[in-house]
Amino acid sequence: MALAGPGSAGLSLSGTTISGTPTTDGAVNVVETLSGATNTPRTTNTALSVVAAGAATLMPLWQAQLNKAKAGQGQALVYAAGDSTTAGSQSGDTADGYNNNAYGNSPPIVANKLFQTDMGLPSIGNSLTGMGDSGMGSGSTLSYRPDLRNGQWGSTAAPEMSIGGAMAGGGSTTTLGFNDDGTKKYSRLDIMYPFATNYSTYNVSYPGASGVQISGTKTDSGAPDELRFSTFTYAASTTATSGAPAVSGLAKIASTTTNNRIIAVIARDMMASGVMIMNGGWSGATTASWRGAAGNPDGLSPIYGPPQALRRLITELGVKLVSVNLGINDARSDSLGVAVATFTTRLGEMVDDIKANGADALLIVPHWVATGSRPQSKQVELHQAVKDVATAKGVAVMDITTIPGFETLDAATAAGYMHTDGIHLNKLGSSVVGTAYYNFIKNG
């Protein structure tokens with residue numbers, strides 16, 4: 001026997017006993033399968049109905065942080081970890097805006113903007129987090145185009161540009177810049193980067209300072225590699241405090257050698273109370289890459305790989321909610337795919353790490369995708385594994401397949417939510433999922 005239906009998320013069945021914490025409202029159906037019998041499987045619809053556990057139970061740290069932001073007493077920070085369906089980018093499909101995140105074509109960006117337009121909270125910052133295969137370099141340009149405050153990041157800092165060159169992937173000396181729109185101002189710049197043999201030194205310029213150098217190059221081969229985190233305060237403040245006045249202007253990070261890698265850059269107005277959702281999706285991401293396992297596509301040494309970088313973002317910035325949307329690439333039938341047990345272990349470890357470092361975890365069951373390289377049976381197993389991990393770890397789970405129109409791939413395609421490749425969401429699909437994501441977390 002097995003459980004199905006929207007209300008089954010977070011629940012498990014053992015014998016005749018249903019246990020767990022419901023994370024989605026709705027009916028719970030019981031599916032009975034008997035090998036060789038006629039009329040099997042047999043489904044008992046609405047065996048019971050459940051109401052999801054409140055965020056106070058499953059996301060208490062995020063609830064407290066968001067409530068302070070709503071009261072004008074602080075900032076609420078979310079990190080959205082995932083693959084390209086989180087990043088919200090796909091080469092080629094320019095007709096529907098899928099290749100242009102400046103128009104909000106990414107679920108995290110949609111949710112971030114809804115905190116402003118629906119809830120009325122101010123936008124507090126803009127971020128780029130390049131934990132992926134080429135960091136924030138040319139190989140991952142499409143994954144990092146957040147437009148959370150109208151300004152844009154770019155190799156020349158011109159408005160409406162995405163990252164150019166290979167700032168964080170090597171290959172050239174490049175200047176990465178951020179130029180806000182003149183009305184949305186900032187007071188603090190955070191930069192995370194590796195410190196290792198032969199890595200670049202960077203010259204950082206921002207309002208109030210020019211050519212400040214940070215070193216990513218290790219000259220003593222016996223010294224340990226590090227993941228460094230540097231913080232700069234804008235404007236004419238003489239102390240690096242959160243009370244520095246917010247100003248408009250250009251921030252630039254210039255590499256001095258071709259072996260450069262910037263893992264994260266965050267610009268914020270520390271005087272504003274509001275919400276910032278950082279987009280941490282990249283193309284091809286799996287639980288292996290997020291856990292730093294063998295075959296990690298980002299090519300980083302463990303000391304400054306994704307697990308360590310995520311820990312530092314949580315602890316340095318005070319992130320209190322990390323959502324995790326993985327499984328689509330783990331379901332692949334090629335070398336990226338993994339056994340369900342391995343996926344379950346890695347996802348559980350990721351949840352443990354998030355919680356141990358002081359944040360709540362929100363697991364997301366991904367949408368159904370084309371079965372060419374991702375067998376339907378494997379997708380079913382991994383979807384259930386996400387729910388099982390959420391139950392075992394006592395964390396919230398959002399199931400995209402329960403969103404109206406996403407019940408099946410055919411339904412999502414008919415609703416106009418899918419890109420033509422059958423894998424990625426188009427702009428409309430990203431908007432629907434982003435809205436559901438916002439609704440799931442907006443009350444803390």
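Rounded to the nearest 0.5 Å, atoms CG (D399) and NE2 (H383) are 7.5 Å apart. The distance from the CD1 atom of I266 to the CG atom of L189 is 8.5 Å, given to the nearest 0.5 Å. To the nearest 0.5 Å, the span separating OG1 on T85 from NE2 on H367 amounts to 5.5 Å. T344 contributes atom OG1, which lies 7.5 Å from atom CG of L382 (distance to the nearest 0.5 angstrom). Within the model, atoms CZ of R374 and CG of L409 stand 11.5 Å from one another, a figure rounded to the nearest 0.5 Å. Atoms CE and CG, on M350 and L363 in that order, are 9.0 Å from each other to the nearest 0.5 Å.
Side-chain contact check for E349 versus D353: every heavy-atom pair is 4.5 Å or farther apart. Contact of the V319 side chain with the M278 side chain is registered, since non-hydrogen atoms from C-beta on lie closer than 4.5 Å. Between V365 and V397 the shortest side-chain heavy-atom distance falls below 4.5 Å. Within the 4.5 Å cutoff, the side chain of V275 has no heavy atoms near those of the I124 side chain. Using a 4.5 Å cut-off on side-chain heavy atoms (C-beta onward), Y417 and T413 make no contact. Taking the side chain as every heavy atom from C-beta outward, I277 and Y437 approach each other to under 4.5 Å. Within the 4.5 Å cutoff, side-chain heavy atoms of N325 are placed close to those of I400. When side chains are defined from C-beta on, F229 does not count as touching I191, because their heavy atoms never get closer than 4.5 Å.
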For a side-chain contact (heavy atoms from CB on, under 4.5 Å) check, start with the C-alpha distance between L310 and I354, then their side-chain angles and the critical distance, and finish with the verdict. CA-CA 8 Å; L310 181 56; I354 291 167; 4.3 Å; yes
Tell me, with the steps shown, if L321 and L61 meet side-chain contact (heavy atoms from CB on, under 4.5 Å). CA-CA 8 Å; L321 179 63; L61 301 175; over 6 Å; no
Checking side-chain contact (heavy atoms from CB on, under 4.5 Å) for the pair V322/I314: CA distance, chi angles, key distance, verdict? CA-CA 9 Å; V322 178; I314 293 171; 3.9 Å; yes
How far apart are the C-alpha atoms of V204 and F232, what are their side-chain angles, what is the distance that settles it, and do they pass the side-chain contact (heavy atoms from CB on, under 4.5 Å) test? CA-CA 9 Å; V204 182; F232 303 93; 4.2 Å; yes
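At distances below 3.5 Å, at least one donor-acceptor pair connects side-chain atoms of S106 with backbone N or O atoms of T86. Using a distance-only test at 3.5 Å, with no hydrogens or angles considered, no donor-acceptor pair links the side chain of N279 to the main chain of P108. Judged by distance alone, the side chain of T201 and the main-chain N or O of S215 form no donor-acceptor pair under 3.5 Å. Remark: side-chain polar atoms of S200 are paired, donor with acceptor, to backbone N or O of T256 under 3.5 angstrom. Judged by distance alone, with hydrogens and angles left aside, the side-chain atoms of N426 form a donor-acceptor pair with the main-chain N or O of G416 at under 3.5 Å. Counting only distance, with no hydrogens or angles, the side chain of K378 and the backbone of V338 share a donor-acceptor pair below 3.5 Å. Counting only distance, with no hydrogens or angles, the side chain of S431 and the backbone of K427 share no donor-acceptor pair below 3.5 Å. W368 places a side-chain N or O within donor-acceptor distance of the main-chain N or O of E407, the cut-off being under 3.5 Å. Between the side chain of S333 and the main chain of S373, a donor-acceptor pair closer than 3.5 Å is present. With hydrogens and angles ignored, the 3.5 Å screen pairs no side-chain donor or acceptor of Q75 with any backbone N or O of M276.
The heavy-atom pair separating Q379 from A331 by the smallest distance is CG-CB, 4.2 Å. In terms of heavy atoms, K70 sits closest to L121 at CA-CD2, 4.0 Å. Among all heavy-atom pairs drawn from L317 and R268, the shortest one is CD2-NH2, 3.5 Å. Taking both residues in full, the closest heavy atoms of G82 and W290 are given as O-NE1, 3.4 Å, listed atom of the first, atom of the second, then distance. Heavy-atom minimum distance, A76 versus L66: CB-CA, 3.9 Å. Between S273 and P122, the shortest heavy-atom contact is O-CG, 2.8 Å.
No hydrogens or angles considered: nothing links the side chains of T286 and N329 as a donor-acceptor pair under 3.5 Å. There is no side-chain donor-acceptor pair under 3.5 Å between Y79 and S323. Defined by atom type and a distance below 3.5 Å, a donor-acceptor pair is missing between the side-chain atoms of N357 and T315. There is a side-chain donor-acceptor pair under 3.5 Å between H424 and S84. Side-chain contact annotation: N67 with Q63, donor-acceptor N/O pair under 3.5 Å absent.
Because its NZ or CZ atom is both nearer than 6.0 Å to the ring centre of F195 and within 45° of the ring axis, R228 counts as a cation-pi partner of that residue.
Counting heavy-atom neighbours within 6.0 Å of K355 NZ, excluding the residue itself, gives a total above 12.
We find that R188 and D190 are joined by a salt bridge, their nearest charged nitrogen and carboxylate oxygen being less than 4.0 Å apart. Using a cutoff of 4.0 Å between basic side-chain nitrogens and carboxylate oxygens, D360 and K320 are not scored as salt-bridged.
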